[in-house]
Amino acid sequence: MEKAVVGLSHLFMTVFLYCFANFMVVPAITDVTMAALCPGKDECSLAIYLTGAQQAIIGLGSLVVMPLVGNLSDTYGRKVMLTLPMTLSIFPLVILACSRTKYYFYGYYVLKTLIAMVSEGSVQFLALAYVADNVPESRRAAVFGIMSGFSSSAFVFGNFSTRFLSTSATFQVAAAMSVIALLYMRVFLAESGKSSSTCATAESRETDCLLQKAPSKKWKLFKTLPSVDDTICLLRTSPTFSKAAVVAFFINVADVGLYASLMYYLKAQFHFNKDQFADLMIIAGIAGSVSQLILMPILTPLMGEEKMLSIGLFFSCAHMILYSIAWAPWVPYAAAMISVVATFALPCLRSIASKQTGPSEQGKAQGCITGICSFANIVSPLAFSPLTALFLSDNAPFHFPGFSIMCSGLVAMIAFVQSIMIKPPPSPAKNCSNICSSSTAEPLV
């Protein structure tokens, strides 16, 4: 147990350092994009469309790559697979650390788009699978929340650092921190134990062996990508996992729509700059850290993950809608504070998905959810980028600059309604050997 605790402390530090490096450039990237594409302007449709196109391309690539990475991590180990995205993510930061002129920006844009197909979200879901390898189900939601709290803390410290650094220094420090995160992970993080593919104990719940109890097939779909088959099996064999996947899709559509629009909206509406973006993100990050490090470990055992998920999604809707109707520069700061409750949603969702699969399937399960989120990354920019550009332009059909963000809130409401349908699991346990020998899939309801 002591070894597991030490291993998780190194995982938390790895996540903190990686997120610190990547989050600290977020407040600066909008100004860099605008300066490279539309110098001297507060509204730039080209920047909005390029950002949306980048998200859609990344989502399309990640849709295929993420389940495959999860599958490979079940075979070769989490640490081995963490090395790839953490190494690749250094290079785009180095480009903008050198220069932020137009041609350097385009070089960054192309390289970031290609690399993010592998790195975007993979570090987080591999870390979640690592936790699932080492933490029992009863404590998993709380530990997922603690890990998200470290991520939120990195968000705070990264944005706080940006507040006092020049734009060039921001990217230089971010590149250096990415290298430090990689070295720390390689030196200190132990490989998590590779679970066997059989059921571990007779106490395992019915959902512990989803892939084993899926119907056997005489042929495989997408033979070159066997992880796609695994994803389909996971969705078919557990109604709870399928509902969690639907929630993940809609909340990710809403979140991507919000954050693709929010900075351009605030820049056009209130002339926000790098420092004000950083202030806003610090508030949201502090709220998220308090929520995930303090409130989640206390409330989750009392209320259950399913209720916590619904509460978090309800407040996600509320803070998106409040952003959309901001009538004064202080309103976005008030909306950011609602993150103290809204951040309950994702750790609870990941924990619910984790509990639907056995110990040898955690990488596949988390990769499946991340792949579905990646599909949302394709859909969301196609819908919200044109909407944002239209309502921030002079050609809007009516005056409502935050209309696209309001639509994000409505999509989040769909996720909230679906989350209400996720029920706590029944108490326990068919004998695991009976489950693994079953050849009939659980019917979807």
Side-chain angles (χ1 to χ4, degrees), residues 14-15 17-30 32-33 36-37 47 49-73 76 78-129 151 154-155 158 170-186 225 227 252 256 259-260 363 366-367 370-378 380-381:
T14 297
V15 169
L17 293 172
Y18 174 82
C19 291
F20 180 90
N22 284 274
F23 285 147
M24 72 181 300
V25 303
V26 174
I29 196 65
T30 301
V32 170
T33 303
L37 301 178
Y49 281 117
L50 279 180
T51 302
Q54 183 183 55
Q55 290 172 332
I57 295 168
I58 291 171
L60 183 61
S62 298
L63 176 63
V64 175
V65 173
M66 291 300 107
L68 184 59
V69 171
N71 197 344
L72 292 172
S73 77
Y76 298 105
R78 317 299 180 202
K79 183 176 179 179
V80 172
M81 297 310 299
L82 276 168
T83 303
L84 178 62
M86 293 183 70
T87 302
L88 293 176
S89 65
I90 297 169
F91 296 104
L93 296 174
V94 170
I95 291 177
L96 290 186
C98 296
S99 178
R100 287 145 308 283
T101 57
K102 182 176 180 179
Y103 294 108
Y104 275 86
F105 172 79
Y106 279 120
Y108 160 84
Y109 179 89
V110 172
L111 191 61
K112 172 72 173 176
T113 302
L114 295 174
I115 287 176
M117 292 180 188
V118 176
S119 65
E120 191 100 334
S122 59
V123 171
Q124 286 79 2
F125 91 72
L126 289 170
L128 292 170
S151 179
F155 191 77
T170 296
F171 286 96
Q172 290 163 5
V173 172
M177 289 300 296
S178 289
V179 174
I180 292 171
L182 174 63
L183 293 176
Y184 183 94
M185 186 272 294
R186 292 302 304 171
L225 292 173
S227 59
N252 218 64
V256 171
Y259 293 113
Q366 298 299 336
T370 303
I372 289 166
C373 293
S374 298
F375 180 60
N377 286 356
I378 303 170
S380 187

### Task
Check step by step if side chain to side chain contact (heavy atoms under 4.5 Å, CB included) holds for Val69 and Phe125.
CA-CA 10 Å; Val69 171; Phe125 91 72; 3.9 Å; yes
### Query
How far apart are the C-alpha atoms of Leu17 and Met177, what are their side-chain angles, what is the distance that settles it, and do they pass the side chain to side chain contact (heavy atoms under 4.5 Å, CB included) test?
CA-CA 7 Å; Leu17 293 172; Met177 289 300 296; 3.6 Å; yes
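Side-chain contact between Tyr108 and Ile29 is present, with heavy atoms from C-beta onward closer than 4.5 Å.
The distance from atom CD1 of Ile372 to atom CG of Asn377, rounded to the nearest 0.5 Å, is 12.5 Å. Note that CD of Gln54 is 8.5 Å distant from CG of Leu50, once rounded to the nearest 0.5 Å. Separation of atoms OG1 (Thr87) and CG (Leu82) is listed at 10.0 Å; rounding is to 0.5 Å. The structure places CD1 of Ile115 at 5.0 Å from CG of Leu88, a figure rounded to the nearest 0.5 Å. Of the inter-residue distances, the one linking Thr370 atom OG1 with Asn252 atom CG reads 9.0 Å to the nearest 0.5 angstrom. For the atom pair Met86 CE and Ser122 OG, the distance stands at 10.0 Å (nearest 0.5 Å).
Residues Leu37 and Ala47 approach most closely at CD1-CA, 3.8 Å, considering heavy atoms. Taking every heavy atom of both residues into account, Ala97 and Gln172 meet most closely at O-NE2, 3.4 Å. When every heavy atom of Ala56 is checked against every heavy atom of Ile378, the shortest pair comes out as O-CG1, 3.5 Å. Between Ile95 and Tyr104, the closest heavy-atom pair is CG2-O, 3.5 Å. The heavy-atom pair separating Leu93 from Ala174 by the smallest distance is CD1-O, 3.8 Å. Looking at every heavy atom in both residues, Ala129 comes nearest to Gln366 through N-CG, 4.3 Å.
Within the 3.5 Å criterion, the main-chain N or O of Ala376 finds no donor-acceptor partner in the side chain of Ser380. Listed for the Arg100 side chain is a donor-acceptor partner under 3.5 Å among the backbone atoms of Leu96. No side-chain donor-acceptor contact under 3.5 Å links Ser62 to the backbone of Gly59.
Legend: salt bridge (charged side-chain N to carboxylate O under 4.0 Å, His left out) pairs involving residues 78-92, not counting sequence neighbours, sorted by first then second residue: Asp74-Arg78, Arg78-Asp133.
Between Tyr18 and the choices Ser89, Ser178, Ser151, the side-chain contact (heavy atoms from CB on, under 4.5 Å) rule is met once, by Ser89. The side-chain contact (heavy atoms from CB on, under 4.5 Å) test with Glu120 is passed by exactly one of Ile58, Asn22, Thr113: Ile58.
The number of heavy-atom neighbours closer than 6.0 Å to CZ of Phe375, taken from other residues, nucleotides and ligands shown, is 12 or below.
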